[in-house]
Each structure stands twice: as structure tokens, then as C-alpha cells.
Amino acid sequence: MANSQSNNALMLAVIFLACTLNLGFGEIRYSIPEELERGTFVGNVAEDLGLNVRQLSARKCRLVSADGRQYLEVNLETGVLFVNERIDRELLCAQAPTCILAFQIIIENPLEMHRGEVEILDVNDNSPGFPESAIVLQMAESIAAGSRFPLESALDPDVGTNTVTDYKISPNEHFGLKVRTREDSTKIAELLLEKPLDRERQASFQLILTALDGGIPHRSGTIQISIIVLDINDNAPVFEHEVYRASLMENAPLGTLVMRVNAVDRDQGTNAELKYSFTNLVSQRARELFILDPETGEVRVQELLDFEEANNYELDVQAVDNGSPAIAGHSKVLIKLIDMNDNAPEITLTSLSSKVSENAAPGTVIALIDVMDRDSGANGQVHCQIPTEMPLKLQSILKGHYKLITSGVLDRETAPLYNIPVLARDSGSPPLSTNKTIQILVSDVNDNAPRFSRPVYTVYVMENNAPGASISVVTAFDPDLDQNSYVSYSLKGNLQNSPVSTYLNVNSMNGTIYALRSFDYEHLKTFQVQVQARDAGVPPLSSSATVNVIILDQNDNAPLIVSPSARSGSAAGEVVPQSADQGYLVTKIIATDADSGQNARLSYQILQATDPTLFAVARHSGQIRTMRSISEQDETTQRLVVVVRDNGQPSLSSTVTIFLLILANVTEKISETSNLVSNPGYSSDLNLYLIVAFGSTSFIFLVTIVLLVGVKCHQDRNIIQGHWAPVCCCRPMNSKDIFTRAPAPTDPLNYTGTAQNIPFPESYHYSVCLSPESSKSEFLFLKPYNPPAPQGQC
Ligand SMILES: *[C@@H]1O[C@H](CO)[C@@H](O)[C@H](O)[C@H]1NC(C)=O
Ligand SMILES: *[C@@H]1O[C@H](CO)[C@@H](O)[C@H](O)[C@H]1NC(C)=O
């Protein structure tokens with residue numbers, strides 16, 4: 001190979017020599033390639049200069065080069081110029097396009113000087129080489145296609161075609177190479193971006209750049225190019241989901257994690273550093289309720305959520321990277337709240353007639369009630385009720401609307417107002433309820449007549465009362481209200497053919513009853529009036545009561561002595577048989593008292609007597625009896641003054657004077673006198689003779705009287721009974737009893753009636769009880785004149 005190269009170079013040199021000689025430049029000129037072996041023939045100088053080879057050595061031929069280095073030498077024997085030393089054209093001439101090695105051949109005797117040149121021709125003995133071992137390029141991924149990056153040139157010391165003529169780059173998708181030739185015909189290479197970069201697809205490239213020279217054969221050198229693609233914020237953050245959905249109980253505790261959003265950014269570094277936030281679309285209220293952690297993307301509850309405020313939220317979230325400019329990615333979080341039963345029902349009274357008349361018909365609307373629950377679903381379903389025991393009920397009109405109506409009869413007098421607890425309860429679990437009390441007043445209707453406190457009033461009035469004094473008060477009560485309850489009183493009826501108003505008056509306002517007259521018990525003992533009470537309603541209602549006025553007795557009458565009566569003058573006369581025994585009934589004093597009760601309870605007492613030892617009067621019966629037998633020494637005319645007192649306070653009295661004539665020949669009924677005699681209580685030393693004598697004279701007279709009076713008594717018995725006067729026997733009885741019944745001896749004087757501190761409130765009877773011995777005594781009692789001495793006691 002080296003030989004063939006040398007041969008080629010030699011041939012070129014010869015051709016070149018011929019040319020240069022013809023041109024006449026210098027004297028001799030040769031061309032040789034560089035890097036020839038030492039001794040390589042360059043040219044025959046002797047021949048070319050026309051010198052005699054044999055004289056060369058003699059004439060001291062020598063070769064002188066300009067720089068003193070002997071690259072070439074002349075063989076003095078042959079006159080041949082040969083390579084004395086290896087010639088490196090690059091060393092000798094660097095990059096000069098032609099490399100001339102100039103020399104002079106000097107010959108002495110005679111001195112001749114010839115100039116000669118050897119052109120050193122380039123041989124491709126160097127490969128292209130790069131000054132660095134590698135190239136590192138950084139380029140943003142965003143640079144446009146067509147951008148060029150100058151590359152470092154490779155160096156090749158050879159010249160001409162032997163130096164760098166071309167570059168190549170290792171095959172790749174994005175980069176090509178553009179080779180340009182400069183003014184000095186050196187080649188430079190530029191890297192050309194043919195296809196845009198994407199760091200996210202390929203972040204770096206390793207390419208090989210090859211420099212080629214034009215020598216034959218080619219020589220080449222390579223260098224590695226590292227391309228680092230720099231990130232550009234060209235990717236938006238992307239959320240994992242376009243929409244995040246979450247359900248949440250209302251009233252969830254603060255800080256509850258609702259959702260965690262996550263986005264990724266394919267960029268690098270700060271371009272991929274993300275911050276989460278709500279977008280402007282999110283309302284202020286939603287921002288108060290929820291908080292989004294910018295770092296972690298956690299959405300948490302920040303304030304208590306209320307289903308009733310809003311039941312769902314749409315939160316637009318964004319993730320913004322830290323690039324410049326920053327790019328945002330978007331998503332949204334849909335939050336659905338789940339209702340909790342956290343609202344009690346609300347009760348609203350929409351209309352209320354605060355008063356309802358007590359005669360309102362059942363079904364009258366009193367109030368409209370609205371109930372509402374802010375919860376939804378079952379939590380918002382409300383049921384409304386009131387207690388069932390009231391005469392009121394709730395009726396549903398529409399959902400959530402009720403009317404309160406009367407369902408029964410109202411009575412203001414028993415229930416003037418109703419406090420109705422309305423209970424509304426929802427259907428949540430647990431249910432919530434609300435209470436509201438409605439007050440309904442029942443207004444009055446005049447449906448009650450005044451009512452007297454008693455149906456019958458009994459009023460006791462002492463006779464001789466002062467006219468105009470109040471004697472009693474009646475009251476009537478009307479349970480109605482106001483004027484329906486204002487009661488006025490009035491009296492009604494007639495009394496003894498004159499209007500009752502002449503007797504009594506009633507204060508129409510307060511029911512005080514006044515007596516207008518002074519009453520006389522002995523004339524009017526009792527009477528009855530009707531008092532009426534009337535209210536002021538429209539129309540008025542009234543009722544009446546009975547007032548029984550009972551006039552009470554006063555001791556205003558003195559006893560009246562009926563028998564024995566003084567026929568003329570002041571004294572009465574009686575005849576006593578001298579034979580009358582001890583205990584003989586001489587006579588009986590009969591007295592009456594127009595008063596009654598104690599005022600008419602009479603007692604008898606001897607006030608004066610001719611002989612106080614002879615006669616005694618029974619204290620209660622008024623019977624005068626002998627205390628001993630009459631003796632002949634006794635005066636035949638005896639005078640007795642008997643006083644009759646009633647038991648009133650103070651008591652009133654009357655006196656009677658009786659003259660007793662003791663006669664010896666008065667006949668007496670034997671059976672009776674003997675009975676009396678046999679009575680040990682009456683045993684005395686009466687003069688039997690006197691009794692017999694006096695008794696016998698009286699007997700005939702007596703029988704006559706008995707017959708007369710017996711008929712008269714039978715005719716008058718009704719009159720006797722109807723009168724106040726003493727009624728025979730101990731209890732009321734008909735007139736027949738007077739004659740037939742033997743009264744019990746045990747109740748000589750009897751007051752019947754109620755025992756009260758007011759004396760004798762009821763009518764009573766002052767009864768005289770007759771002794772069982774003789775009906776004759778009764779006849780005596782009824783006999784107006786000359787009564788014989790009755791017997792028995794009361
Ligand atoms: C409603 O009122 C009634 C009666 O006053 C009472 O018994 C009941 O407990 C109350 N209910 C509520 C929920 O307040
Ligand atoms: C009734 O009214 C009269 C007159 O005003 C009065 O004198 C009397 O005391 C009253 N009676 C009562 C029981 O209030």
C-alpha cells in the first residue's frame with residue numbers, strides 16, 4: 001500500500017516537473033508526496049541542470065535549504081536528488097494549500113548557483129478529530145422545528161480533499177444535520193431540529209456525530225452529542241376524575257373528610273408542583289362551609305351543614321401548577337347532603353277568632369293552623385293533634401293545614417276558656433315534636449236564669465217590729481257574665497187583699513227585704529210572698545223563690561181570766577159544801593193569753609186568802625181545792641185573790657177575786673167524793689156533812705147544765721178546734737176525740753215545735769190535759785157559767 005502510494009506520487013511529480021520546466025519558473029522544480037521513505041528519488045539534478053556528473057564532486061556541489069534542515073540531499077555520484085529525512089507536509093506548511101520546499105544547489109569552479117523547488121504534496125495521513133470528547137446540548141422542548149444548533153467542527157490537518165469534507169449524525173427521529181461550507185472551504189455542521197420535541201415523551205437523546213474527510217480511502221472521527229430536553233410547562237394538571245361525588249350527613253362534625261381530589265401534571269419540577277383551590281365559581285357560602293387543603297386536595301367540612309339551607313353543593317376545584325405561566329386543571333366535587341331530623345315542626349296560627357260564643361254550633365271554625373317541618377321526607381311529615389277530651393277537634397284541610405272546629409257543646413259557665421295544646425309531631429326517628437297552646441275564650445250567652453240560694457226563705461220577724469227595718473236578704477246568683485248576670489229583685493203577690501208591696505219591700509239591687517209595717521202576731525202569724533230575680537240579659541231570664549215570713553210572739557198580752565167571770569163587779573162567787581173533804585175541787589180558774597208559748601204559759605197563785613190554810617190553787621191547772629176538811633168553825637164566806645201570770649219576760653199578770661160560800665146542805669155526788677176521800681193524798685178531816693148537803697143541792701142543777709151544754713158543745717166543736725184556744729187533750733185531735741179519748745196522764749202540758757233559740761218558731765198548741773176521772777170535768781171546763789168544781793189534774 002505504501003509502495004503504491006509512493007508510485008502514484010512519483011508519477012504526479014514527473015508530470016508536474018515537466019510542466020514547471022516549460023514554464024521556466026526557477027531552474028528546477030519537483031513535486032513529491034509527503035511522508036516518503038528516506039532515499040526516495042526526487043529528481044536527477046545533474047541531468048536537469050545539464051551538469052556533468054563527474055564534475056559534481058570536484059566542483060563541490062552542495063544543496064542548501066532555506067531553513068537549514070536537510071530534508072533533501074543530492075547524490076554527488078549520480079546527481080540524483082533524494083529524500084534525506086521524512087517530510088511531514090502538515091509540519092512543514094501547516095494548512096497552507098501548497099507546500100514548497102525551496103533549496104539552492106551551489107557548484108564551485110566556476111561558481112554556479114541554481115535554485116530549485118520541491119513541492120510537497122499532501123497525503124491523507126490524518127483522520128478528522130474533534131477537540132472535545134463529547135458535546136452536551138440543552139434545549140427547551142418548546143423550540144420550533146427548523147431550529148439549528150451549530151456544532152463544533154472536526155479538525156483534519158490534511159488539506160484539500162484530505163481534510164474534512166462531510167459530517168453524519170446517527171439516525172434519530174427528531175434531528176438532522178446541515179453541513180455548510182465556509183468561505184475558506186472548510187465544512188461546518190449544524191444540528192437541525194426536524195420534528196418538535198416533547199420532553200414528556202423523550203427527555204434526552206444520545207447522538208453520534210461523524211466527521212469524514214475526502215481522502216481515499218476516507219478517514220473519519222466521531223463525537224457523542226448528548227441532548228437534554230428541558231421541561232416547558234406545557235401540560236395542564238389533570239384530575240383523576242372529571243367529577244367527584246360524595247354524600248354527607250347534614251350536621252356532620254367539623255373537619256369531616258368529604259373527599260380527596262387528586263391531579264397529576266406530566267411536567268417536571270415546579271411545573272408539576274400543584275396547588276388545589278376552589279375556582280371563582282364557588283360561592284362565598286360554600287367556601288365558608290368547606291375547606292380545600294391546597295397541598296393534599298382534601299375537602300373537609302368547616303362549618304355545620306344544614307340540609308334545609310341547601311341539599312347539595314357543587315364545588316368547582318382547580319389544580320394549578322407552579323410553572324410560569326401556570327396552567328390549571330379543573331374538576332368538580334358534587335356533595336349531596338343527607339337529611340337528618342333536626343328540625344321540629346313549626347306551628348303557625350293563621351287566623352283566630354279569639355272568642356267563640358258558647359252557643360256556637362258544632363263545626364264552627366275557631367282557628368286555622370298551619371304546621372310545617374323544614375326537614376324532608378319522613379322527617380318532614382307532620383301529624384297534628386289536640387287532646388280528645390275537649391269539645392274541639394282538628395280537621396285537616398290540605399296537607400299541613402288544619403282548622404280547629406267545635407265538635408260539641410260549649411258552656412262558658414263550666415269552661416270559660418280552653419287552653420288547647422296543639423302537638424305537632426314529625427315521622428322522623430326519633431321524631432321531633434312541638435307544642436303550642438292556643439287560648440280560646442268562650443263568650444257568654446244569657447242561658448242561665450238567676451238561681452236563688454234557697455227555694456224557700458223562712459224569715460222570722462218579732463212582732464211590734466220597727467217599720468222600715470230590714471228583715472232578711474235574699475240572694476240569687478246568675479252564673480252568666482256581666483249584664484247577663486246582673487240580678488234585680490222584686491216582690492210579687494197579694495196579701496189579705498192588698499198588694500204585698502204594702503207589707504214588704506225588696507232592694508232591687510242587693511235583695512235586702514224590708515218590713516214596711518209593724519206586725520202583730522196576734523193578727524198575722526205568717527204569710528208568704530214570692531220574690532223574683534231577673535237578670536239584665538236580652539231577653540232577660542228570671543226565677544222566683546218563696547219567702548215565708550213568720551211573725552214571732554212578744555209578751556204583749558196579759559192573761560185574760562175567762563172563768564170564773566165576775567158577772568158584776570170584780571168578784572165571782574162559788575159555793576162549797578161544808579161536807580167537802582180534803583182535796584175537794586172547788587173550782588178551776590180558766591185564763592187565756594193571746595200570746596203564745598211561754599208568753600201564754602200561765603201559772604196561778606193565791607195572792608190573798610181569808611184562811612190561807614183552807615184553799616190552794618194548783619200552780620199550772622188553776623184548780624182550787626180544799627187543803628183540809630171544812631169545819632164548822634170556818635167562816636162561811638171565804639175570799640180568795642188569785643193572780644194569773646204568764647211566763648213572758650217580763651211577765652204580765654191578772655188577778656181574780658173569788659168569794660166562796662160554804663154551805664152545809666149542798667149535796668154531792670157520792671161516788672166521786674168517796675173516791676176523793678179514799679185518795680190518801682187528799683185525806684183530811686173534811687166535814688162530810690157539808691159535802692153531802694152542798695152536793696145534793698148542786699146535783700139537780702148540774703144535770704140540767706150538763707144536758708144543755710152537751711148539745712151546745714157538739715155544735716161548736718169545729719169552732720173550738722179552729723181557734724187558738726186550748727184544745728182538749730195533748731195533741732191535735734178531732735172533736736170526737738175530745739169526748740171519747742182518754743188522754744194520757746203523763747203529758748199535762750206540752751209544747752210541740754222545733755227547739756230553737758228563737759222561741760216557738762212553729763205554731764204550737766197549748767194543750768190542756770184533762771184528768772181521766774170524769775168527762776164531766778170537760779163539760780165543766782166548757783161551761784160558761786157557774787162551773788162545779790172539776791177534778792183531775794194536768
Ligand atoms: C306538650 O304539652 C303537654 C301538656 O302540657 C305535655 O304533656 C307534653 O309533654 C308536651 N310535649 C312537648 C313535646 O313539649
Ligand atoms: C243593700 O243596699 C242598701 C242600700 O244601698 C244598703 O243599705 C244595705 O246595707 C245593702 N244590703 C246589703 C246586704 O248589702
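Numbering of ligands and ligand atoms starts at 1, following listing order.
- Of the protein's non-hydrogen atoms, T512 OG1, 3.7 Å is the one closest to atom 13 (C) of ligand 2.
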Quiz item: Between N484 and D535, is a side chain to side chain donor-acceptor pair (under 3.5 Å) present by the stated rule, with each step listed?
Solution: CA-CA 6 Å; N484 293 339; D535 63 29; over 6 Å; no
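- Residue N507 has at least one heavy-atom neighbour below 4.0 Å for each of these atoms of ligand 2: 1 (C), 2 (O), 3 (C), 4 (C).
- Interatomic distance, CD of E358 versus OG1 of T414, reported as 8.5 Å (0.5 Å rounding).
- Classification of the F519-Y503 ring pair by plane angle, with boundaries at 30° and 60°, yields parallel.
- For atom 7 (O) of ligand 2, the closest heavy atom belonging to the protein is Y514 OH, 4.1 Å.
- Checked against Y402 for a side chain to side chain contact (heavy atoms under 4.5 Å, CB included), the options I386, L368, L394 give a single hit: L394.
- Ranking the protein heavy atoms by distance from atom 6 (C) of ligand 2 puts N510 ND2, 4.1 Å first.
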